[in-house]
Structures are given as C-alpha cells and as structure tokens.
Amino acid sequence: MYNDLPLDITDRIFTSFTDFESLWTAIRVSKHSYSVFKLRSTSILYAVSVNIAGRNVIHVLRLVRTATNLASSDSEGVDAIPAWKDVPRYPVTTEQRRLLIKYADVLQGWESFLSRRHKDCTVSAVTLTDAESDRFQQAMCEFWMYQQCFGEIWREDILDDTPMDIELQIMFLKRLSTEELQRFASVCLFMKDTCIWLCRAFGWNNDIGYRVVAALTHPTPYPTSVHLSVIMDELLSTLNGPQRKSVEHPPNVPLQILAGPGSGKTKVLTTRIAYLILRHAIAPSTICAVTFTNKAANEMKLRLTKLIGKEKVMRLKMGTFHALCARFLRQHAALVGLEGNFTICDAEESKKLVGKILKTYKDYIIAHKIMFDDSKEIVSKISKAKTKGYEPDDMVAILLDDLKGKTIPHKNLATLKDLDPAGWIFVEVYREYERTLRATNSLDFDDLLIWGVKLFGKHKQAAAWCKHVLVDEFQDTNTVQYDLMRYIADANRCVTIVGDPDQSIYGWRSADIGNLKNMQRDFPSTKQIFLEQNYRSTASILALSLGIISGDNVRIKKTLHTAHPSGPRPMMHRFLDEKMEAQFIGTEMKRVVAATGGILDWNDFAILLRFSALSREIEASLQREGIPYRMLGGHKFFERLEVKDILAYLQLVDNPQFLPAFMRTINLPPRNIGEKSIAQVIQRAEQAGLSPMALVERIHDGKVPDIKPPLKRKVGPFVTTLRTLREQANSGTSPAMLIRKLLELIKYTDHLKKSHEDWETRLENIVELINFASQEKETALDAPPTEAAKVPVRDHRATQLEDEGLVIIEDDSRNAMSQSTDADDNADNETPLRQFLQASMLSTDSQTKDDDNKDKVTISTCHAAKGLEWPVVMVPAVENKVFPHKRSDDHAEER
DNA sequence: CATTGAAGTCTTTTT
DNA sequence: GACTTCAATG
C-alpha cells in the first residue's frame, strides 16, 4: 500500500485537523515524522503540523489526558494541572476544546518545544472517541514501523517510546512489497523481539525470513554488504551539504571540520568513521578515535554501535587521550623503561603527595614569610608545566624571566632562591614530586600523555597499526596531546579533526587553539570544511549567545545559521539571594512541566552551574519540591571516600610501591598508627632503599628492628590482608571477588558504621563498585570475541541458512584482529585487577546505569555539559565573581 | 607522647 | 565534604 505513495506526498498541506479522518489519513501518508511520542489511553489529541522549508508536514502528535478539570477550574498555572492525570477518560465539549486552545501556556509549550527544530508550527486540538483512539493507535503503529524501515533508522530515542503491538506490526509487514521487506530485514536488529516472533509466526521459509533470522543470530548486525550500502546511502542522504562533504572527504587528505555548537559534529564524526570502514574498507582496529571526555567516547560508541555493530566498535581504538596512552604504555612498558604495573595517580593523590613534600619546606616558608599557594594550586601549576614540556630545571629560567625589571646574570637555582623564594620552593617541590612518582612506580594524568609521546615518538612500530586518526573537540588539545596525535598519525598521515575555536573552554588546561594552525603547518595539504548550520537552538538563543561572545574583540568572526524560528526569548530573572533563586528554579520547573501537560518531563531540564559547589541550595530546593535530580560530575563516584578506600587497597595489592595508597590504607580501619609513625616508616624505607610496604612487611616478619612506638603488633592484620589479596590476585581472582574478600578481611562495614552516620549509602556505593567490577570484566577493551560469538548459533535456522547456500558476510578484519591481540598482549601486563583499576582511575561518569533511564532533572557544571542539549536550561548565579569566575584569567573563555 | 574528636574554614573548570 | 587547628584522651 505504500508503494503507490508519491514521494513528494509531504507537499500536501495539512494545517489543522478538525476531524479524525483527515488526521488519520495524514498520519499514514506522512513519511518524515520527526518524533513519535508515547501514546496513552486518552481523549484529547494535539496534532501539530509543521512547515519545513516550505513543505507542510504533520510532525508530532500526542494525546493528553482529559481536560475536564482544566475546563472547570479557571485558575491558571500550577494548581490546575496535576489533577489532570487521574481524571478518567472523558469526551470534551466544544466549549472545553475552545478553552484548551486558548490555554496559552499549553500551546506555547508545544510550540516552543517543536519550534526548536521547525518553524511555523500550528497547533490544533481534536477530540477522539474510544474507537477513534484505537484506530489512531493502529495508525501510529503503522506509521512508526514505516518510519523505522524507511526513515531515520538510527534514531535511538524513537525506540523506547513507541507502542509496539505485535498484531499491528504483522498487519503492517504483510502489506510491504518484497523490496521493502528486504530493507526491513536489513534493519530488523532494532526490533529483535518482533523478528523472532515473526519468523515463528510465519514459518518463513524464504530468503527474507532467513535474513531476518541471520541478522538476529549472527554477531554482525548487517548480513550483506548490499544492505550496508543501502544504509550508508540513507545515512548520507540525511546530511546537509558540508556535513556530507566532510564524511565523503578522501581519507588520505587531512581534514579540519570547523563546527559550531549544535551543528551535528558528533553525527558527522561517527558517520565518517562508519564511512571509512564500510566504503573504504579500512579495518576498524586501525582507526584511532580520540575524545576528551569519557562521556563523549561513550556517546560515540553508542551511536557507532547502531551504525556498524558492536563487534566493529569494540575493535576501534577509541577513548580519551589518557585512556589510549595508558593502554599502550602497559602493552609496551618495557620499551620506555616503565613497569607494566604502574599505578595511575589521580588529582587527589597528587595533591596529597605535594602536600607531604611541601611540609618539609614549612619551616623555611614560615621563617621567610613567603606567601605560598596551597597544594592544589601547586599541583595545577606542575600540571601546566608538564603539559608544556617544562621539567623542573627548565622552570628555573622561566620563573626568573617572569621577574620583571633587571637582567639576571646567572640563571641558576641559587639566584632563583634569592630573588623568588616561592618560585624556588616550587621548583624543588616539582622535582621531588616527580622523583616520588618514579620511585613509587606511578604516573599522574599528565605523565600518561608525556610517556605516550615518548613511546610513540621513539618507537614508530608502536603506532604502526594506525591508518587513520580522528580527534574530537580539537580546540581543546594542548601541546602534548597534539604531539601525540602527530606521532600516532605518523605512519599514514591520515587525520580528521573536529573543533570549534569559539568553544575552547579548557585554556586552563593549557589547550592551545594554535594547534589548528600547527596542524596546517605539519600536514600541508589539510583542507577545511565549515559546519555553520545549527540544529539545536532557536534563533533567539543563537542571537543571545552571539551577543555575548562577540563582546570578545579578538574573536575570529564566524557565523552560525539556524532554520528555526526565533522562538521564545530567553528569560533573565533577578533574585535577592541564592535561596530565592533556588526556590524559583524548583517552582518554575514544576510550573513548566504542568503547563506543558506532560510534554516535557524532568529529563528535559538542566541546571548548569559554573562550579559544582553551587548546587547546595538548588539541591535543597529540589528536594523540598520533590523533584528528582541527578548530579553530573558532582562528587564523582570514584572520588568518594569509601570507594577510594577500597581502590587504595587494591592499588597497593597491584603495586606495593605506590605511596599514596600505602599512606591511606595502613591506618584503615584505625590501627593506632598515626602521622608520626607513618613518617618514620617512610623515612626508614627510603634509607633502606625499600618501599614502605616492603619495610612494614619485614618489621612484621621480625626481619628488621621495630620503630619507636612498636608497630609490629599493630600491622599484623594489615600485612596478612595484603598478602592474602596479592596471592588471590595473582591467581586470577576477579576484582569483584577481591573486593568482597577485602571487605571481610578489614571488617570495612563495621568501620563505616563507626565512622559515618550515612554508612548505609556508603555501603551501597561499595556494592555499586562491585557491580562495576563485574561489568568491567565483560566489556574489557579489545576483548577477543568469545567462542560463543565466533561460532554462528547452531540451531535449525542457522543450519538451514547454510544449506540454502546463503552467504553470511565474514568480517574483514577479524583475522587482523586476532593477530594483533596475539602480538601485542603481554599477558603479564593485563591482569583483571589491573584492567579494573585503570578503568576506575580513568572514568568519571560511570554513574549507575539505571540512573540514566529514570526521569530526572540534570544538574551539571557548564564544562561537563558541553555538547549536550536539553529543551529547558537554567543557569543560576550568573553574577560577577561567579560567572565570570573571580579566578579566571581568560574572560573570552568565560564568555 | 601520639592519636582522636570537635569545631571552624573554604570550595573553578577535567583527565 | 575536605582540610586545618586545638583540646582531650589512651
């Protein structure tokens, strides 16, 4: 029945629907629906027809619960709405409908929601009888399946939100032509349950049926290259000119995609990767895709999985710069003179180390009345120096140059000590910090990159696998990261980068926009493509943001267009204090949810903060109002005290030299070993040339004399715990089991109960950590395909497949893959424990998974929210000293 | 004498 | 919530 639909059917104009028949017809012929919302058993229908580029199309349909209460209660705002939900179905009268249409907030809500993407929305309301409602459901189902087969097949948000009545689906399928069925089969992995059911129901004994089954049973989602080609074409057809140009750009010509916000950056990047694999037959394992945050990496993985299947995605070398470096450094540790079991030292541990070193200069600082930064400040200064490639000795000259005025004859440490004591201490602390890291066999975040550069720079073969490098958010790369990219790309010099100079918000992390130019210098044939079409925001939001950033005079002028209407104007509200502000945020969100009649739910709201500490008042307000929320990037899971406790023990098991872990665990639970004793141990260990851990073990064994306040008896349980765990770890016990054993050995639960009021939530976090540990094992990077996945399912369907001589495509890169794992994997360097620890140290946003599905308002820092989008966004505390922040040295960035 | 507990201060942004 | 300082306890 769909065959005879003219393709330009959408030229037919549907402005509003006064009766059900015309609406129903319209739904069935409309091909380009943007969104289909969940249908509930309801009586009032909102139909919206939208005009896109001169073509009027029905775009969104939704049933809302009856409006009886709305009609009876004339009051506006919050009070009238919550009652809607529980009112039984009820046909509305003309008068009520009139009221509804007049209900400006509701319609406004609709229009602003839709006009984010489409201009000229018109809204009208229709009433449905029960029978009509059922027919409508049917129409929607057909419509959805049609969309699923022939529309935007990769849209993930449609999947969960659509009614899938199996009878209706079959009715739909029966009407399809053979060709359409084939295409359906090629995408049917998105509807696994349906397909299994269909094959059983129809007893399909033909080519199509097998393909459906093959798609379900074979590990690679798309059974034939013909279908891959079709899919790629459909993908390309949804891109605009510059986007498509970017995707199809020849792989061997370096490419810079300069993309404004909301211009489909990630879509282009993922499509390009798919294109490289599907059209240029570049093996996934030879593609390196780098992002800056784990969130971006995960997002990309998710989207790519929909395009090319899980198998191929697993083979991509994909992740943050840090994660990639860590991985290759473990593999090739020996090449650069590292030990494979190095520990990754996070910011908190770095800070503690620096604090400890700083104490040795305490007397000097006091005696000379030197103004000195706190250790956090120093850590970030050290980090800056490291990213710029300055070693402690280099800092001497640099700090002396910073001193204005007279020329300095001898640029050496002694002069620095005289002229800039604070600078001198900094250099000494920096030196000592580096020494400690080496001595304790650990790398901080910057070291991962620095040593990565050493590895790939000196040992070309370590990067020889790489055929193409793609970098997301390129404007945020710093010098080290840029070098890293260059070295990895060295073998084939195929590079694609995506970036936006206007969105550089990591200047404080030494991000260098100059890298865009550097790349043109180092890769002379580099081409640029600009993406200037914004698909995210309304015109008035763009105008506002342009107004803000164009206050920056040195900015390179760059345009951004949108096809959207101006939409509602952004609102600015002033409050006397933060309490009122927080209160307003809570009630305003409630009002908007109510006023839009459930079109917006909590997931559609975000509150963006300059820094996470601002969330206190707001969290309190949301709790008061009973609004569920989640905190992005707040106190991160892996930075929680109880999680760090457990991780520290495990780190020490894996790397006994790692000092921060030793200091954390030796008196945990309290064993009456205080600061002084620990300091003594460390000092004596240094004298003896042992790690503190080794020394403690020897004291325990009676091999060396005890220290002043006797330690031997106190450390008994500590030493046995570590020895037990070490033994178990070496025999390959899973991290999850190790944690359980550890909890038991140190009676951690008892300790928590004693030391913290909220021990129950803390215990839950540990359970969550155990969960994470068990998951991590399954999704370990580069895990070779399991036996089960390699062998096609041996049931009757698969056997039939082969009998009929049907070809199931063999993955091109599987062989290459197994070779590379054999060659690279120094089995010793990748114990399950080590993998787990690395994942823990390098992941930030492994928020509990079920959290994501729940309906919650998002609270996030602006930085963490980069690249995400919500229909409604609030930005509290936009006031001087907060936003722009008082300590920011780059106002353009704050803009 | 070393350790622990209580009270008080300060909190950018990320891997 | 993490760190520091000061007084009280083992």
Side-chain angles (χ1 to χ4, degrees), chain A residues 290-297 319-326 344-352 355-356 358-359 362 374-377 379-380 383-384 386-387 443-450 452 473 476-478 480-481 484 503-511 608-616 619 631-636 638-642 644 667 669-680 707-711 714 754-758 762 838-845 860-866 877 881-890 893-894:
Chain A
V290 191
T291 57
F292 274 81
T293 59
N294 292 300
K295 207 185 301 150
T320 60
F321 273 115
H322 300 265
L324 285 167
C325 283
I344 297 165
C345 180
D346 73 8
E348 196 186 324
E349 288 155 346
S350 292
K351 194 184 150 198
K352 282 193 176 146
K356 185 176 150 288
L358 211 52
K359 270 194 185 152
K362 203 174 160 190
D374 71 334
S375 38
K376 207 169 170 183
E377 200 75 15
V379 169
S380 92
S383 168
K384 268 179 198 159
K386 288 175 92 165
T387 16
L443 301 179
D444 67 12
F445 286 130
D446 302 305
D447 281 334
L448 287 174
L449 304 180
I450 293 168
E473 307 279 16
D476 291 337
T477 48
N478 58 37
V480 184
Q481 287 160 336
L484 210 48
Q503 286 189 73
S504 168
I505 54 170
Y506 288 108
W508 48 272
R509 231 166 86 183
S510 316
L608 302 188
L609 312 167
R610 180 61 240 268
F611 49 91
S612 359
L614 288 171
S615 70
R616 282 266 284 280
E619 288 189 65
M631 184 83 199
L632 274 190
H635 349 277
K636 273 150 251 145
F638 288 104
E639 281 167 22
R640 293 203 149 101
L641 170 132
E642 60 278 13
K644 292 220 75 170
N667 198 28
R671 302 184 175 98
N672 285 339
I673 304 168
E675 237 171 286
K676 295 271 161 71
S677 308
I678 296 173
Q680 256 190 85
I707 55 174
K708 270 186 273 163
L711 202 71
K714 295 182 192 167
K754 265 183 232 157
S755 54
H756 293 99
E757 282 289 301
D758 54 345
R762 285 170 192 272
Q838 179 160 320
S840 311
M841 300 311 288
L842 293 176
S843 62
T844 44
D845 53 358
S860 166
T861 63
C862 295
H863 285 79
K866 190 176 185 184
K881 302 275 191 300
V882 175
F883 208 159
H885 194 264
K886 57 171 182 271
R887 292 169 81 171
S888 69
D889 34 31
D890 185 355
E893 204 171 291
E894 298 284 311

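The chains referred to below are lettered A, B, ... by the order of the sequence lines, with proteins before strands, and numbering in each begins at 1.
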* To do: Using a heavy-atom cut-off of under 4.0 Å over every strand shown, decide if A:Lys881 touches base, sugar-phosphate, or nothing.
  =>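 A:Lys881: no heavy atom of the nucleic acid under 4.0 Å.
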* Asked: Which part of the nucleic acid does A:Phe292 contact within heavy-atom distance under 4.0 Å: base, sugar-phosphate only, or nothing?
  ->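 Since only primed, P, OP1 and OP2 atoms lie under 4.0 Å of A:Phe292, the category is sugar-phosphate.
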* Asked: A:Asp446 or A:Gln680: which one's nearest nucleotide on DNA chain B is closer to the 5' end?
  ->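 The residue closer to the strand's 5' end, by nearest nucleotide, is A:Gln680.
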* Asked: Given A:Ile344, which of A:Leu448, A:Asp447, A:Leu443 fulfils the side-chain contact (heavy atoms from CB on, under 4.5 Å) condition?
  ->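 By the side-chain contact (heavy atoms from CB on, under 4.5 Å) criterion, A:Ile344 pairs with just one of A:Leu448, A:Asp447, A:Leu443: A:Leu448.
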Between atom [atom1] in [X] and atom [atom2] in [N], what is the gap in whole Å?
X	N	atom1	atom2	value
A:Arg762	C:dA2	CZ	C1'	11 Å
A:Leu641	C:dC3	CG	C1'	13 Å
A:Glu348	B:dT15	CD	P	15 Å
A:Lys351	C:dG1	NZ	C1'	11 Å
A:Met631	C:dG1	CE	P	12 Å
A:Phe445	B:dT14	CZ	P	12 Å
A:Asn478	B:dT14	CG	C1'	12 Å

Sub-3.5 Å donor-acceptor pair from the side chain of [X] to the main-chain atoms of [Y], do we have one?
X	Y	result
A:Asn667	A:Ile673	yes
A:Gln481	A:Leu449	no
A:Ser383	A:Val379	no
A:Asn294	A:Leu842	yes

* Flag the pair A:Val290 / A:Leu324 as yes when at least one side-chain heavy-atom distance between them is below 4.5 Å, and no otherwise. =>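 A side-chain contact exists here, since the closest heavy-atom pair is under 4.5 Å.
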* Asked: Can you give one letter per nucleotide of nucleotides 3-13 of chain B, going 5' to 3': B for a protein heavy atom under 4.0 Å from the base, S for sugar-phosphate only, - for none?
  -> SS-------BB
